[in-house]
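Keep in mind that this is a model prediction, so the values were computed, not measured.
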Amino acid sequence: MPRASSTIKDAPPIAESNNKTKAELRQEALNGVLQVGQLAALTFGQFSDAGAIGMHGPKLVSEVVALADNNSKVASKVDLLIEIGPYAGIVAAAIPFLAQLFVNHGIVKAEVFANAGVVPPEQLDQQMKLVIMQRTLDAQKEQARMEAEMREAMQEFQNANMNGQNDQ
């Protein structure tokens, strides 16, 4: 399920509902297109374009929905977007992942996607190094525990042999 945009004003959150009208479904689909457009503008540093989409997009969506109500050709094109809707969740999940890769490789700055949870690559670098260190420490502790257990077992085995308890 696509998430509601944090930048497009007056865009209703997209939620699953079987009781929505065709107009509501069209509005949600078109708002999703605006979100993708806004993301593209932000990705390429076109902040004023992203702002324009947020400022004027909802009115444009309303007019297109109204036109689709009266024009079957427009309605058929907009209704295609409704059919694509279920795949928008995959796109919404992929956007932060791809954005993080763009940031990691210096294509865009982390601040551009901060609202999507994207962080500077240095932060990820430190997090991964910490995870690796923790796993290495855990492995070393487990190794030390097994070595201590082996020493104890060996000592028991030797004590049993000294006391003649070995059944051979």
Nearest-0.5 Å distance that lies between atom [atom1] in [X] and atom [atom2] in [Y]:
X	Y	atom1	atom2	answer
M146	E149	CE	CD	9.0 Å
L30	E63	CG	CD	12.0 Å
N31	Q38	CG	CD	10.5 Å
L130	R135	CG	CZ	10.5 Å
Q46	I53	CD	CD1	10.0 Å
N19	E24	CG	CD	9.5 Å

Exercise. Taking only Lys NZ, Arg NE, NH1 and NH2, and the carboxylate oxygens of Asp or Glu, determine whether D69 and R26 approach each other closer than 4.0 Å.
Key: yes
Item checked: M154 vs Q158 side-chain heavy atoms within contact, under 4.5 Å -> yes
request  = Answer whether the closest heavy-atom distance between the side chains of V64 and Q27 falls below 4.5 Å.
outcome  = no
Could you pull out the closest heavy-atom pair between [X] and [Y], with the gap in Å?
X	Y	value
P58	L34	N-CD1, 4.0 Å
A75	A68	CB-O, 3.3 Å
A110	P120	CB-N, 3.7 Å
A50	A41	N-CB, 3.7 Å
N104	P121	OD1-CB, 3.6 Å

Are [X] and [Y] linked, directly or through other ILVMFWY residues, by side chains that come within less than 4.5 angstrom of each other?
X	Y	result
L81	L67	yes
F113	V119	no
V33	L60	yes
V74	V61	yes
F97	V108	no

- Query: If only atom types and distance count, is the side chain of N163 paired as donor or acceptor with the main-chain N or O of N159 below 3.5 Å?
  - Reply: yes
### Query
Between Q100 and V118, is there a donor-acceptor pair closer than 3.5 Å when you use the side chain of the first and the backbone of the second?
no
Full working for side chain to side chain contact (heavy atoms under 4.5 Å, CB included) between Q140 and T136:
CA-CA 6 Å; Q140 289 173 345; T136 301; 3.9 Å; yes
| task | Given side chain to side chain contact (heavy atoms under 4.5 Å, CB included), test Q127 with Q123 step by step and report yes or no. | result | CA-CA 6 Å; Q127 285 174 344; Q123 183 177 337; 3.5 Å; yes
Q. V112 and F47: side chain to side chain contact (heavy atoms under 4.5 Å, CB included), yes or no, with the steps?
A. CA-CA 9 Å; V112 172; F47 300 107; 3.9 Å; yes
task = For the pair E147 and Q143, evaluate side chain to side chain donor-acceptor pair (under 3.5 Å) and give the outcome as yes or no after the intermediate values.
result = CA-CA 6 Å; E147 288 172 359; Q143 180 70 28; 3.0 Å; yes
